[in-house]
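As structure tokens, the structure follows; a few thoughts come after it.
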Amino acid sequence: MKQTAIQQVSTDSSSAERQGLGGDTVSTILVVDDSRAQRMILCSSLKRQGFSVVEAGSGEEALERIKEEDIDLILSDWMMPGMDGLDLCRAFRAMERDKYGYFILLTSKSEKGAVAQGLDVGADDFLHKPVNAEELRARINAGGRIMSMERELQEKNRLVSTTLSEIQTIYDSIDRDLVEARNMQQSLVRERFRDFGAAEVSLLLQPCGHVGGDLVGMFQPDDSTVAIYSIDVSGHGIASALLTARLASYLSDGSPEQNISIATGIQGESRLRDPDEVAGLLNTMMLEDMPTEHYFTMILAYLDLTSGKVRLTQCGHPNPALLKSDGQVEYLGQGGLPIGLISGGGYERFEVQLRPGDRLMFYSDGFTEAEDGQGLMLDEEGFQKIIEKNSTLRRQTFLDGLVWDLDKFCGNKEFGDDLSMSLIEYKGPNRNVPN
């Protein structure tokens with residue numbers, strides 16, 4: 001014969017008794033017991049405490065009630081014919097629900113093995129018969145606190161998911177903008193190759209991210225001169241890319257009136273400013289007219305097509321590499337000051353005499369400062385070996401060969417910096433060098 005479900009029932013219980021933490025979380029309780037008398041006693045006590053109560057006389061009936069009602073907590077007898085409390089708990093945990101339901105088993109079992117068995121199938125708590133009304137209320141409130149935390153966590157997870165979705169939408173929009181910005185930055189280099197007769201110029205621009213701070217280009221101020229430049233702005237992001245776009249407008253033959261290297265005299269005549277003079281003007285503009293913390297390195301060179309003489313200024317850029325017609329590599333230059341760091345900084349120019357078959361390279365430090373898997377940099381010595389290895393190649397194929405071998409040096413490691421290069425291949429005024 002079953003024991004009485006409630007040993008002590010408070011006669012003055014009301015809804016106020018469940019206003020502790022978690023009380024508002026538990027609204028509807030399902031009481032499952034094959035004994036109608038015990039269900040009636042439990043339901044009466046719970047209703048006096050202000051809960052909405054649903055009854056079921058068996059495990060099978062309880063599952064139907066769960067499908068029909070929004071159940072917060074289940075009080076189920078362990079020992080029932082047919083589907084017992086353990087089977088009901090197991091089936092309840094297998095159901096798809098939007099929120100967590102608390103499950104309390106009513107039992108006269110006190111063995112540790114029985115308790116472990118109940119926990120193993122998903123029960124949250126146990127009440128021993130006969131049930132004490134105060135203990136029942138405390139266990140329900142404890143369940144309410146756990147459910148409250150679970151629902152609070154659920155809401156936070158929902159907010160996190162919503163926020164992540166919004167961030168992903170923003171990221172996708174930014175990513176599309178950056179792809180477009182990359183395309184626009186690549187369009188700054190309108191020509192990757194031009195044959196000037198006595199010389200050919202090939203350009204490489206490969207950002208390590210969406211956009212970068214490198215810029216290469218060329219323009220022809222007059223029939224006998226070709227200007228070639230290589231620029232590396234500090235940083236790799238959007239601000240660096242914007243600065244390269246502005247610098248490109250100052251060194252373009254598309255708008256000669258805006259080209260900072262071309263000066264106009266009183267009579268309207270034009271002259272080509274020396275490369276060191278151009279560097280000084282750019283330095284003044286960076287410090288006085290551009291509100292930015294960025295600076296840049298640069299090589300600006302003028303090639304005389306009739307003689308093969310190159311006048312150039314090196315402003316903190318890596319030393320130019322001269323690949324001679326006999327395959328030897330020589331580094332030129334003495335470094336110089338970057339542009340945009342020191343007010344009134346002086347810049348010097350020097351000259352290089354190219355012979356037919358010579359190639360002169362202005363490159364960014366993305367080549368020499370590239371690292372392998374052990375963190376060792378390529379440096380000038382390693383770069384020289386790569387240049388020599390690809391010395392039989394010409395034009396864009398030569399540039400592609402350098403990048404290919406640099407990638408092999410880095411292994412699985414991504415390039416840590418932008419790659420850029422301006423390549424001058426001097427054929428000589430009589431063009432005796434074969435194409």
Taken to the nearest 0.5 Å, the spacing of Ser325 OG from Lys427 NZ works out to 15.5 Å
Salt bridge (Lys or Arg N to Asp or Glu O under 4.0 Å) against Glu388, all qualifying residues, sequence neighbours excluded: none
Please report the C-alpha distance between Leu354 and Leu303 in whole Å, then the side-chain angles of each, then the deciding distance to 0.1 Å, and finally whether the side-chain contact (heavy atoms from CB on, under 4.5 Å) criterion is met. CA-CA 9 Å; Leu354 297 182; Leu303 168 64; 4.2 Å; yes
Using modelled atom types and a 3.5 Å cut-off, is there a donor and acceptor pairing between side-chain atoms of Asn132 and backbone atoms of Glu134? yes
Please collect all salt bridge (charged side-chain N to carboxylate O under 4.0 Å, His left out) contacts where either partner lies in residues 361-377, sequence neighbours excluded, each pair once. Glu371-Lys413
Closest non-hydrogen atoms of Leu312 and Pro320, given as atom of the first, atom of the second and distance, are CD1-CG, 4.1 Å
Can you confirm whether Leu332 sits close enough to Leu360 that some side-chain heavy atom of one is under 4.5 Å from a side-chain heavy atom of the other? yes
With sequence neighbours excluded, give me every ring pair (Phe, Tyr, Trp, His ring centres under 6.0 Å) pair touching residues 302-346. none
Taking only residues two or more places apart in sequence or in another chain, which ones pass ring pair (Phe, Tyr, Trp, His ring centres under 6.0 Å) with Tyr102? none
Non-neighbouring partners of Glu68 that pass salt bridge (Lys or Arg N to Asp or Glu O under 4.0 Å), sequence neighbours left out: Arg65
Would you check, one step at a time, whether the test side-chain contact (heavy atoms from CB on, under 4.5 Å) holds for Arg194 with Val226? CA-CA 11 Å; Arg194 192 193 296 187; Val226 178; over 6 Å; no
Taking the side chain from Asp72 and the backbone from Ser27, do they hold a donor-acceptor pair closer than 3.5 Å? yes
For Glu152, is there an ion pair with Lys156 - N to carboxylate O distance below 4.0 angstrom? yes
Quick check on side-chain contact (heavy atoms from CB on, under 4.5 Å): which of Leu399, Val216, Ile424 does Ser202 satisfy it with? Leu399
Looking only at non-hydrogen atoms, find the nearest pair between Phe219 and Leu251 and report the distance. CD2-O, 3.5 Å
Is there a side-chain contact between Glu425 and Phe398, using heavy atoms and a 4.5 Å cut-off? no
Counting only pairs under 3.5 Å, give me each side-chain donor-acceptor contact of residues 84-96, with atom names and distances, residues two or more places apart or in other chains.
| residue | atom | partner | partner atom | Å |
| --- | --- | --- | --- | --- |
| Asp84 | OD1 | Leu86 | N | 3.2 |
| Asp84 | OD1 | Asp87 | N | 2.9 |
| Asp87 | OD1 | Arg90 | NH1 | 3.0 |
| Arg93 | NE | Gly122 | O | 3.0 |
| Arg93 | NH1 | Gly101 | O | 2.8 |
| Arg93 | NH2 | Tyr100 | OH | 3.0 |
| Arg93 | NH2 | Gly101 | O | 3.2 |
| Arg93 | NH2 | Gly122 | O | 3.0 |
| Arg93 | NH2 | Asp124 | OD2 | 2.6 |

Just by distance, do the side chain of Thr313 and the backbone of Asp276 share a donor-acceptor pair under 3.5 Å? yes
Heavy-atom nearest pair, Ser58 first then Val32, reads O-CG1, 3.7 Å
Between the side chain of Asp304 and the main-chain N/O of Thr225, is any donor-acceptor distance below 3.5 Å? no
Heavy-atom closest contact (Met298 atom, Leu300 atom, distance): CE-CB, 4.0 Å
Measure the shortest side-chain to side-chain distance between Leu153 and Met149 over non-hydrogen atoms and say whether it is less than 4.5 angstrom. no
Determine whether Val233 and Leu247 make a side-chain contact, defined as any pair of heavy atoms from C-beta on separated by less than 4.5 Å. yes
Residues in salt bridge (Lys or Arg N to Asp or Glu O under 4.0 Å) contact with Asp70, at least two apart in sequence or another chain: Lys99
In Å and rounded to the nearest 0.5 Å, what is the CZ to CE distance from Arg246 to Met286? 9.5 Å
When rounded to the nearest 0.5 angstrom, what distance separates CG in Leu127 from CG in Asp77? 11.5 Å
Note, Leu46 side chain near Ile140 side chain (heavy atom, < 4.5 Å): yes
Matching residue for Glu277 among Arg271, Arg349, Arg311 - test: salt bridge (Lys or Arg N to Asp or Glu O under 4.0 Å): Arg271
Can you name the salt bridge (Lys or Arg N to Asp or Glu O under 4.0 Å) partners of Arg139, sequence neighbours left out? Asp125, Glu135
Would you say the side-chain atoms of Glu61 pair up with the backbone N or O of Glu64, donor to acceptor, closer than 3.5 Å? no
Basic-acidic side-chain contact under 4.0 Å: Arg395, Glu200: yes
Check this for me: Asn157, atom CG, are more than 12 non-hydrogen atoms of other residues, nucleotides or ligands nearer than 6.0 Å? yes
Using modelled atom types only, decide if a donor and an acceptor are shared between the side chain of Asp214 and the backbone of Leu205 within a distance under 3.5 Å. no
Ser420 side chain vs Leu215 backbone, donor-acceptor pair below 3.5 Å: no
In Å, rounded to the nearest 0.5 Å, how long is the span from OG of Ser148 to CG of Asn141? 11.5 Å
With no hydrogens and no angle check, is any side-chain donor or acceptor of Ser391 less than 3.5 Å from a backbone partner on Ile387? no
According to ring pair (Phe, Tyr, Trp, His ring centres under 6.0 Å), does anything in residues 346-376 pair up with another residue at least two apart or in another chain? List the pairs. Tyr363-Phe383, Phe367-Phe383
Determine which pairs satisfy salt bridge (charged side-chain N to carboxylate O under 4.0 Å, His left out) with at least one residue from residues 313-330, sequence neighbours left out, and list them in order. Lys324-Glu330
Do you know which two heavy atoms are closest between Pro221 and Ala227, and how far apart they sit? CD-N, 4.1 Å
Side chain to side chain donor-acceptor pair (under 3.5 Å) contacts in which one or both residues fall within residues 161-170, not counting sequence neighbours: Gln168-Asp172
In this structure, CG of Leu378 is separated from CD of Gln384 (nearest 0.5 Å) by 11.0 Å
If only atom types and distance count, is the side chain of Arg273 paired as donor or acceptor with the main-chain N or O of Ile260 below 3.5 Å? yes
For Leu203 and Glu191, run side-chain contact (heavy atoms from CB on, under 4.5 Å): C-alpha distance rounded to whole Å, both residues' side-chain angles, the deciding distance at 0.1 Å, then the answer. CA-CA 8 Å; Leu203 303 176; Glu191 294 179 275; 5.7 Å; no
Checking side-chain contact (heavy atoms from CB on, under 4.5 Å) for the pair Arg355/Gln353: CA distance, chi angles, key distance, verdict? CA-CA 7 Å; Arg355 305 297 179 187; Gln353 180 63 56; 3.6 Å; yes
Evaluate the side-chain proximity of Val329 to Leu323: yes if any heavy-atom separation is below 4.5 Å, no if none is. yes
Kindly indicate whether the side chain of Gln220, heavy atoms from C-beta on, has any atom under 4.5 Å from the side chain of Phe196. yes
Return a table of donor-acceptor pairs under 3.5 angstrom between the side chains of residues 401-411 and protein atoms on other chains or two or more places apart.
| residue | atom | partner | partner atom | Å |
| --- | --- | --- | --- | --- |
| Asp405 | OD1 | Lys389 | NZ | 3.2 |
| Asp405 | OD2 | Asn390 | ND2 | 2.8 |

Flag the pair Leu282 / Phe296 as yes when at least one side-chain heavy-atom distance between them is below 4.5 Å, and no otherwise. yes
For a quick test of reading the model, state the closest non-hydrogen atom pair linking Ile339 to Tyr295 and the distance between them. O-CB, 3.3 Å
